[in-house]
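Below is one structure, written out as structure tokens; comments come after it.
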Number of protein chains: 2
Amino acid sequence: MPVAEKSAAESKFAEFLLRKGLRMTAQRRVIVSVVRSTAEHFTAEQLLAWSQRRNRSVSRPTVYRTLSLMNACGLVRAMDLGEAYTFYDPNFADHPNHSHIICEDCGKIIEFDSDRIAKLEDDICRKLGFTAQARRLQITGSCAKFRETGNCPRRARAAPDSNG
Amino acid sequence: MPVAEKSAAESKFAEFLLRKGLRMTAQRRVIVSVVRSTAEHFTAEQLLAWSQRRNRSVSRPTVYRTLSLMNACGLVRAMDLGEAYTFYDPNFADHPNHSHIICEDCGKIIEFDSDRIAKLEDDICRKLGFTAQARRLQITGSCAKFRETGNCPRRARAAPDSNG
DNA sequence: ATCAATGCAAATAATTTGCAAAAAG
DNA sequence: CTTTTTGCAAATTATTTGCATTGAT
């Protein structure tokens, strides 16, 4: 999943705040910037750690509150992976219709787009008189092949660059 | 989604227990029986209430523990609907590949099967050398049409029959 | 000046767990 | 008899919230 025009996504957040009569703050700027600098799926706790690395004043409640705003405006997507905590997908803004394949061996998340699946979903919704607002498709399993080819590093999960 | 051969599903649980060296108890029998008697998606708390109606001795921890076993053996499927609690799908045993359309207006959950979507998923997994173990597709939106035709009762959610 | 946002500490609440008593095989 | 299961009460833990202070506009 290529990282595309994230700055556009960022201004999307600014516009969202404006429209809602909310304010841009130093903390929010840091948090959004950190999210912008990663393509990995992350937890609130990870985001807190990464953000504090850049600005000690970022607190846990602020991370949760900002995450909620970012989710509301479509900059990020809350995902349930069956773990105790919620994961957030930073690629949602650019690829609102992508799906996830989750490797249970290494925890790796692979993203893919399928116009053909989306088309079938549309047909079904139309047939049922249903107006779709969001969709999520997750496939879990094991990537035996990936491990053979070295593409399934165990629990590899990189932190974003500390210079954003 | 028609209710099909649930008794088969029940013996599946018995076999599962046997295979694992676990035991069948009065509480587990009640819980499984209650789950068998509903086609609705439910929460642990609802299942507790329904089960206690039949046998006061069923406790919350036992419901959670049994739900976990049922999920492990495929009798039930844990679902995240963005609420604070987990919903369980009792139709998973009979229709392991069905998808969900969730109406945000009324909370209603509509289930459907699509061989064509499943086929496309298979193709993608094969192409990635990925062995799928489970899949979940959720589409959320609003069922305006349903409400017109009276098929979208607000938060209607029936308790299962109290006679098993 | 306003009114929103922050950090802190405390609260919330679903789910899990330790343990001694009870039941299954 | 041995091992699992149960209910109870307490623990766990991600996420949320009240509140006084700080900061954005």
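Quantities reported herein were computed from a predicted structural model and do not represent experimental measurements.
Close to D:dT4, at under 4.0 Å from its OP1 or OP2, lies no side-chain N or O of B:Arg28. Residue A:Thr86 places at least one side-chain N or O closer than 4.0 Å to OP1 or OP2 of D:dT15. For B:Tyr64, no side-chain nitrogen or oxygen approaches OP1 or OP2 of C:dT16 to under 4.0 Å.
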Give every pair of a protein N or O atom and an N or O atom of nucleotides 8-12 of chain D that lie under 3.5 Å apart, one pair per line with the distance.
none

**Message:** At under 4.0 Å between heavy atoms, how does the protein contact nucleotides 20-25 of chain D? Give one character per nucleotide, 5' to 3', with B, S or -.
**Reply:** ---BBS
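The residue B:Glu45 sits apart from the nucleic acid: no heavy atom pair falls under 4.0 Å.
Between A:Leu47 atom CG and D:dT15 atom C1' there is a gap of 14 Å when expressed in whole angstrom units. Straight-line distance from the CG atom of A:Leu67 to the P atom of D:dA14: 15 Å, rounded to whole Å.
The side-chain contact (heavy atoms from CB on, under 4.5 Å) search around B:Asp122 returns B:Arg126, not counting sequence neighbours. Every residue two or more places apart in sequence or in another chain that forms a side-chain contact (heavy atoms from CB on, under 4.5 Å) with A:Lys20 is listed here: A:Phe16, A:Leu22. Shown here are the side-chain contact (heavy atoms from CB on, under 4.5 Å) partners of B:Arg56, two or more places apart in sequence or in another chain: there are none. Remark: B:Tyr85 pairs with B:Phe87 by the ring pair (Phe, Tyr, Trp, His ring centres under 6.0 Å) rule, at least two apart or across chains. Evaluation of the side-chain contact (heavy atoms from CB on, under 4.5 Å) rule for A:Arg23 yields no partner, not counting sequence neighbours.
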For residues 62-73 of chain B, please give each side-chain donor-acceptor pair under 3.5 Å, one per line with the distance, not counting sequence neighbours.
unit_1, atom_1, unit_2, atom_2, d
B:Thr62, OG1, B:Ser59, OG, 3.3
B:Thr66, OG1, B:Thr62, O, 2.8
B:Asn71, OD1, B:Ala78, N, 3.1

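Just one residue in the list B:Asp89, B:Val32, B:Leu47, B:Val35 forms a side-chain contact (heavy atoms from CB on, under 4.5 Å) with B:Val76, and that residue is B:Val35.
The salt bridge (charged side-chain N to carboxylate O under 4.0 Å, His left out) analysis of residues 71-81 of chain B, with sequence neighbours excluded, yields no pairs.
If you find the closest nucleotide of DNA chain D to B:Val63 and to B:Gly21, the one lying nearer the 5' end belongs to B:Gly21.
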